[in-house]
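Everything below concerns the one structure shown next.
For clarity, every value in this text was computed on a predicted model and none was experimentally measured.
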Amino acid sequence: MSGCGTAKPGNAKSTPQSASTAAAGAPLTDAGSPSGEDGGTQHARPTGRSSPAPSPSVAATRPLKDGTAVLKHCADADDPYTIVVVRNPNEREGTFGLEINYKDANGFIMSDRYQQVLVAAEGKTEVRVPAAGAGPLDKIDRCEVNPEATAVD
């Protein structure tokens with residue numbers, strides 16, 4: 001005898017009923033008492049979780065105010081760099097856009113440059129901008145710098 005399908009006396013096993021094999025109209029219960037008195041109890045879970053309020057120290061960062069730019073030296077044949085001083089009026093460091101126009105004696109814009117510069121909080125930075133690509137340096141008559149250094153971030 002192989003033992004398949006046969007049960008030894010005293011070792012009878014009961015098989016739990018699934019929902020499809022339960023008798024019609026019989027209540028399904030959790031593992032508990034057969035009558036469902038203890039096993040049918042359900043506990044409600046909270047539907048939403050409360051989230052902590054943001055810390056006052058994590059305030060939204062204010063946008064930067066624009067800085068200022070002042071021409072200190074225009075590029076020429078002796079020194080091919082334009083020097084500009086950029087000031088940051090903000091209480092945090094920021095990046096500012098700087099605009100320079102190179103003009104000839106007739107007022108024609110030979111070239112224009114845009115440079116970004118990082119400036120410390122409430123500080124100033126002197127920037128050396130190469131005039132390469134502006135044309136022949138001996139033809140540059142003057143430089144014009146936009147006095148408003150636009151806040152980039």
Note, [X] side chain near [Y] side chain (heavy atom, < 4.5 Å):
X	Y	value
Phe96	Asn90	yes
Leu64	Arg92	yes
Gln115	Ile100	no

Can Ile109 be reached from Leu98 by stepping across I, L, V, M, F, W or Y side chains whose heavy atoms are under 4.5 Å apart?
-> no
Reported CG-to-CG distance for the pair Asn101 and Asp112, which is rounded to 0.5 angstrom = 5.5 Å
Once you round to the nearest 0.5 Å, how far does CG of Asn146 lie from OH of Tyr114?
-> 10.5 Å
Side chain Asn88, main chain Gly67, donor-acceptor under 3.5 Å = no
With distance as the sole test, does Arg113 use its side chain to make a donor-acceptor pair with the main-chain N or O of Pro130 at under 3.5 Å?
-> yes
Compare every heavy atom of [Y] with every heavy atom of [X], then report the nearest pair and how far apart it is.
X	Y	result
Asp66	Pro89	O-CG, 3.4 Å
Gly97	Val152	N-CG2, 3.6 Å
Cys143	Leu71	O-CD2, 3.6 Å
Val84	Ala69	CG1-CB, 3.9 Å

Indicate every side-chain donor-acceptor pair of residues 72-83 with a distance under 3.5 Å to a residue at least two apart or in another chain.
residue	atom	partner	partner atom	Å
Lys72	NZ	Glu126	OE1	2.6
Asp76	OD1	Asp78	N	3.0
Asp76	OD1	Asp79	N	2.7
Asp79	OD1	Tyr81	N	3.4
Thr82	OG1	Ala75	N	3.3
Thr82	OG1	Tyr102	OH	2.8

In this structure, are over 12 heavy atoms from other groups packed under 6.0 Å from Gln116 atom CD?
-> yes
Determine which pairs satisfy salt bridge (Lys or Arg N to Asp or Glu O under 4.0 Å) with at least one residue from residues 137-150, sequence neighbours left out, and list them in order.
-> Lys103-Glu144, Arg142-Glu144
